Amino acid sequence: MENWKKTSLYTAVILLVLLLIVIYVFKISVSIPSSDIEFSPGQVTSKVNAEFKDEKPKNIIVFIVDGMGFGHLSLALQTQQTENRPSVWQEFDVKGWHDARSAFGPLTDSEASATAITTGTSTQFGHIGLDKNQNPLKNIFELASDLQFCTGIVTDSYIWDGTPAAFVAHTRNEDNARDILTQIASSELDLIFGELEDLGEDDIPEKAETIEILSKRFLLLDRSLKLPGNNSISNPIAALFDEDEIQDSNSSPNLTQLTEVALKYLSSQDKPFVLLVESEEMDAASHDNDSKRVLNGLQSIQETLSLVLDFSEMYGETLVVFTADHETGGLAAVADFDHYPNMQIRWSTKAHTAAVVPLFAKGPGAHYFADVHRNWEIGYLLKKLISQDIPNGKNE
Ligand SMILES: [Zn+2]
C-alpha cells in the first residue's frame, strides 16, 4: 500500500476509535446538573376535586417503605401469589408517585425525605425534623398530639433510624442516638415497636441505659406483646427487639404481627390515631444488592399492607397513605434469556437513586394525594387532614 494511503487509513482508524471512546464515555457519564426548583407550601400543586372536599379521615396510617421504587413494586406484582385475592396494590383508591428530592437537589436520604413527609418542608441530607437552616419544624405527630390523637410507630428497623426519628425528633443526624432516644422519651408518642442496634457503640447507649431512658415514658412489653390489662387507661407502650430480629414474614416477631398489636392497642383508645408503619427491608437489601432479601421483604410488606388495608376497610374512617422515601439500587427485573421466560434481578447501583417513587392512598381523604408532585406535599396534606383544615375546601 502506498504510504499516503496507509497514513490515511491509520488516521481514520485512530479517529474512529477516539470517536467511539468519546461516545462511550459520554454515554455512561452524562452528568445531570442538580437543578432545584423549590416550591413553597403556598404553591402546593395538589388540586382537589370538588366532590371529595368534605372527606375527612378519623385515623391516618402512614406506611413508608425505605428504598422502594417502581422496580421493587414491579417485582412484587410479578412474583406475588394471586390465587386467593387480587393484588393488594389494586386496593388503593389513588395510585401515583412523588419526586423525593431534598433541598440539596435530586437525591435524598431517609432523614431528609422523612422530614419532608412528616413536616411539609423539604430539607437537607441528614436533617431530622429541622429545615435546611437548622430551625425545628413541627411534625404531624406533634400536631396530632396537640389535637388529642394517639400516635404510634412500628418499624422493622432500629427505633432511632432516620425515618421513625423524623416523626418525633429534631436533630442533625441519626447518629445522635442518645439525643433521639431522649426526645422519644419526652415526646407525646403513645406506642413504639422496633429494634435496637449497635448498643454501646459511638453515641448509642448500652441496653440498660436505653431501657432506662425509654421507661421514663413507656411501659415496656415483653416478647409475648401482651397488652396491659386495662386498655382504657392509656399507658404509652414500647416493645424492643434485637438487631435484625424483625426481618421477613418468617421472623418472630415480624412486621405484620407488630402492626396487628399496634392497631389493636390504638383502636382500643378513645381517641383518633396517627400510626407510622416503616419497613427498612428494601433499603437494607438494595444497598447490598441482595435480591433474595428483597423478595422476602416484599412478601412481608404485602402481608402487612394487606392487614392495614383490611383494617381501613373494616373500620372505615381510616386513611392509608403508602409511599417510599427514595429508591435504592436502581433495581430492574430483566429477561433471563438462558431460562426464558424467567426473569433476573439486575442492579444498577448500591446507592440511592433519583427515581420517583410510589405514592398510594386509600380511604377518606385519599384523593388529595392524586396530584402530589414532591415529597413535602405529603406532609402539607397530612397536616391539613389532621387539623381538619381541608385544602381548597368549602371554608377557604
Ligand atoms: Zn439507604
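Since the structure is predicted, the reported quantities are computational estimates derived from the model, not experimental observations. Just so you know, ligand 1 is whichever comes first in the structure, and atom 1 is the first atom listed for that ligand.
In this pair, His352 and His326 present their aromatic rings parallel. The plane angle is below 30°, not in the 30 to 60° band.
Every residue two or more places apart in sequence or in another chain that forms a side chain to side chain donor-acceptor pair (under 3.5 Å) with Thr256 is listed here: Thr304. For Tyr10, there are no ring-ring contact (aromatic ring centres under 6.0 Å, His included) partners at least two apart in sequence or on another chain.
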### Query
What do the steps show when you test Phe70 against Trp97 for ring-ring contact (aromatic ring centres under 6.0 Å, His included), and what is the final call?
CA-CA 9 Å; Phe70 282 98; Trp97 54 269; 8.5 Å; no

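Within the protein, the N, O or S atoms sitting under 2.8 Å from the Zn ion (ligand 1) are Asp283 OD1, Asp283 OD2, His287 NE2, His352 NE2.
Residue Asp202 places its CG atom among 12 or fewer non-hydrogen atoms of other residues, nucleotides or ligands, all under 6.0 Å distant.
The stretch residues 334-363 participates, sequence neighbours left out, in these salt bridge (Lys or Arg N to Asp or Glu O under 4.0 Å) pairs: Glu313-Lys362.
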